[in-house]
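Below: the structure, in structure tokens.
Basis for what follows: all heavy atoms, side chains included, without hydrogens, waters or symmetry-related copies. Since the structure is predicted, the reported quantities are computational estimates derived from the model, not experimental observations.
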Amino acid sequence: MRGPCAALVGPEGTTVKQAARTRPISPEPPDAANEDTPNETLPETGQAHDLIELLFFAYRDFVSDPDRILEEYGFGRAHHRVLHFVERNPGLTIAELLDILRITKQSLNRVLKELIETGYIEQRAGTSDRRHRLLTCTPRGRRLAEQLAGVQGERVRRALAEAGPAARDPASRFLLAMIDAADRPGVSRLIAAAPPRAADEA
């Protein structure tokens with residue numbers, strides 16, 4: 001599966017490319033007569049910096065809510081991301097999870113080992129290919145994943161309520177556009193395939 005990056009619960013060191021002022025689209029250098037002609041440009045650098053900083057602060061507070069819960073269990077953000085995507089996609093393979101999270105197999109193995117040994121995730125052999133390891137949350141794992149999603153969902157709902165009901169679709173389009181173009185179809189399919197939670201339908 002061509003997998004997406006983790007968006008809602010992304011890595012601690014998120015990198016955002018700086019948008020810069022662009023030159024005219026024409027390959028020919030502008031002459032004096034045309035140098036004042038308006039050209040299609042990207043947003044000014046200062047506007048991009050504003051969004052970069054807003055994304056930083058929004059992400060900081062978005063992850064701070066589950067961080068406090070995870071600390072009680074001795075877990076970190078890597079455990080959160082694994083729990084989130086396994087709970088939302090029961091039967092996910094390790095290869096698919098690696099493609100979603102874009103982390104090394106060694107890093108994933110360490111986190112998975114801890115979650116399996118503490119009874120939050122279980123793995124079983126695949127039915128069509130027993131070499132595959134299918135991951136599912138235990139009841140204990142589902143409860144924790146839902147608790148973490150609950151506090152983040154509450155922050156998202158508050159933000160949408162403050163921004164107004166018309167903000168949801170533009171916000172979704174903006175976040176999707178921030179993802180590499182080649183990954184967007186996979187991200188959209190992954191989100192559409194996951195069953196809605198009761199709070200999401202409210």
Side-chain angles (χ1 to χ4, degrees), residues 1-16 55-156 175-176 178-180 182-184 186-197 199-200:
M1 154 176 136
R2 173 63 178 165
C5 291
L8 297 178
V9 283
E12 293 85 347
T14 301
T15 301
V16 181
L55 282 169
F56 170 81
F57 289 115
Y59 179 76
R60 180 198 67 183
D61 292 350
F62 178 70
V63 297
S64 69
D65 299 323
D67 278 352
R68 287 187 284 270
I69 298 171
L70 289 162
E71 189 177 1
E72 299 174 8
Y73 294 83
F75 292 156
R77 293 177 188 174
H79 300 84
H80 182 191
R81 291 193 289 272
V82 170
L83 275 171
H84 176 88
F85 285 105
V86 172
E87 193 271 332
R88 296 288 282 164
N89 304 274
L92 203 63
T93 68
I94 290 177
E96 289 169 337
L97 187 55
L98 280 169
D99 203 24
I100 290 171
L101 299 180
R102 302 284 170 85
I103 61 175
T104 65
K105 192 171 184 179
Q106 181 180 10
S107 298
L108 178 59
N109 285 341
R110 176 185 60 81
V111 172
L112 266 180
K113 184 174 183 289
E114 293 175 359
L115 289 169
I116 290 170
E117 288 180 349
T118 50
Y120 291 90
I121 283 181
E122 58 188 9
Q123 62 178 350
R124 55 182 173 80
T127 53
S128 59
D129 188 341
R130 297 190 64 80
R131 292 172 300 177
H132 288 166
R133 290 293 178 265
L134 307 183
L135 304 172
T136 57
C137 281
T138 64
R140 186 182 190 186
R142 282 194 298 274
R143 287 193 297 270
L144 179 55
E146 289 171 358
Q147 183 183 8
L148 297 170
V151 294
Q152 289 189 312
E154 179 57 32
R155 181 176 289 274
V156 170
L175 291 172
L176 189 63
M178 287 290 292
I179 299 166
D180 287 346
D183 287 330
R184 292 172 199 166
V187 169
S188 297
R189 286 193 298 271
L190 188 74
I191 294 171
R197 290 191 174 96
D200 296 333

Item to check | Inter-residue atom distance R81.CZ - R102.CZ, 0.5 Å rounding | outcome: 13.5 Å
Next on the checklist: So I94 and Q123, do their side chains get closer than 4.5 Å, heavy atoms only?
Outcome noted: yes
Checklist entry - What is the distance from atom CG of L144 to atom CG of L70, rounded to the nearest 0.5 Å? => result 6.5 Å
Item to check | Rounded distance (nearest 0.5 Å) linking atom NE2 of H80 with atom CD1 of I69 | outcome: 8.5 Å
Checklist entry - How long is the gap from CZ on F85 to CG on L92, to the nearest 0.5 Å? => result 9.5 Å
Checklist entry - Within a strict 4.5 Å, meaning less than it, do heavy atoms of the V82 and L135 side chains meet? => result no
Item to check | Derivation and outcome, side-chain contact (heavy atoms from CB on, under 4.5 Å), residues L148 and H84 | outcome: CA-CA 8 Å; L148 297 170; H84 176 88; over 6 Å; no
Item to check | I179 to R184 - nearest heavy-atom pair and separation | outcome: O-NE, 2.7 Å
Next on the checklist: Between I121 and T138, is the side-chain contact (heavy atoms from CB on, under 4.5 Å) condition met? List the steps.
Outcome noted: CA-CA 5 Å; I121 283 181; T138 64; 5.9 Å; no
Checklist entry - Among all residues two or more places apart in sequence or in another chain, which pass the salt bridge (charged side-chain N to carboxylate O under 4.0 Å, His left out) test with K113? => result E117
Item to check | Taking every non-hydrogen atom, the tightest pair across P66 and V151 | outcome: N-CG2, 4.0 Å
Next on the checklist: Ring-plane angle category for F75 and H79, please: parallel below 30°, perpendicular beyond 60°, tilted otherwise.
Outcome noted: parallel
Checklist entry - Within the side chain of R140, is there an N or O that forms a donor-acceptor pair under 3.5 Å with the backbone of T118? => result yes
Item to check | Donor-acceptor contact present, side-chain R77 to main-chain D67, <3.5 Å | outcome: no
Checklist entry - To the nearest 0.5 Å, what is the distance between CG (L115) and CG (L108)? => result 9.5 Å
Next on the checklist: For R155 versus S64, what's the shortest heavy-atom pair and its separation?
Outcome noted: NH2-OG, 4.4 Å
Checklist entry - What is the minimum heavy-atom distance between R60 and V63, and which atoms define it? => result O-CG2, 3.4 Å
Item to check | Flag, side chain of Q152 to backbone of D65, donor-acceptor distance under 3.5 Å | outcome: no
Item to check | Straight-line distance of E122 CD to T136 OG1, nearest 0.5 Å | outcome: 4.0 Å
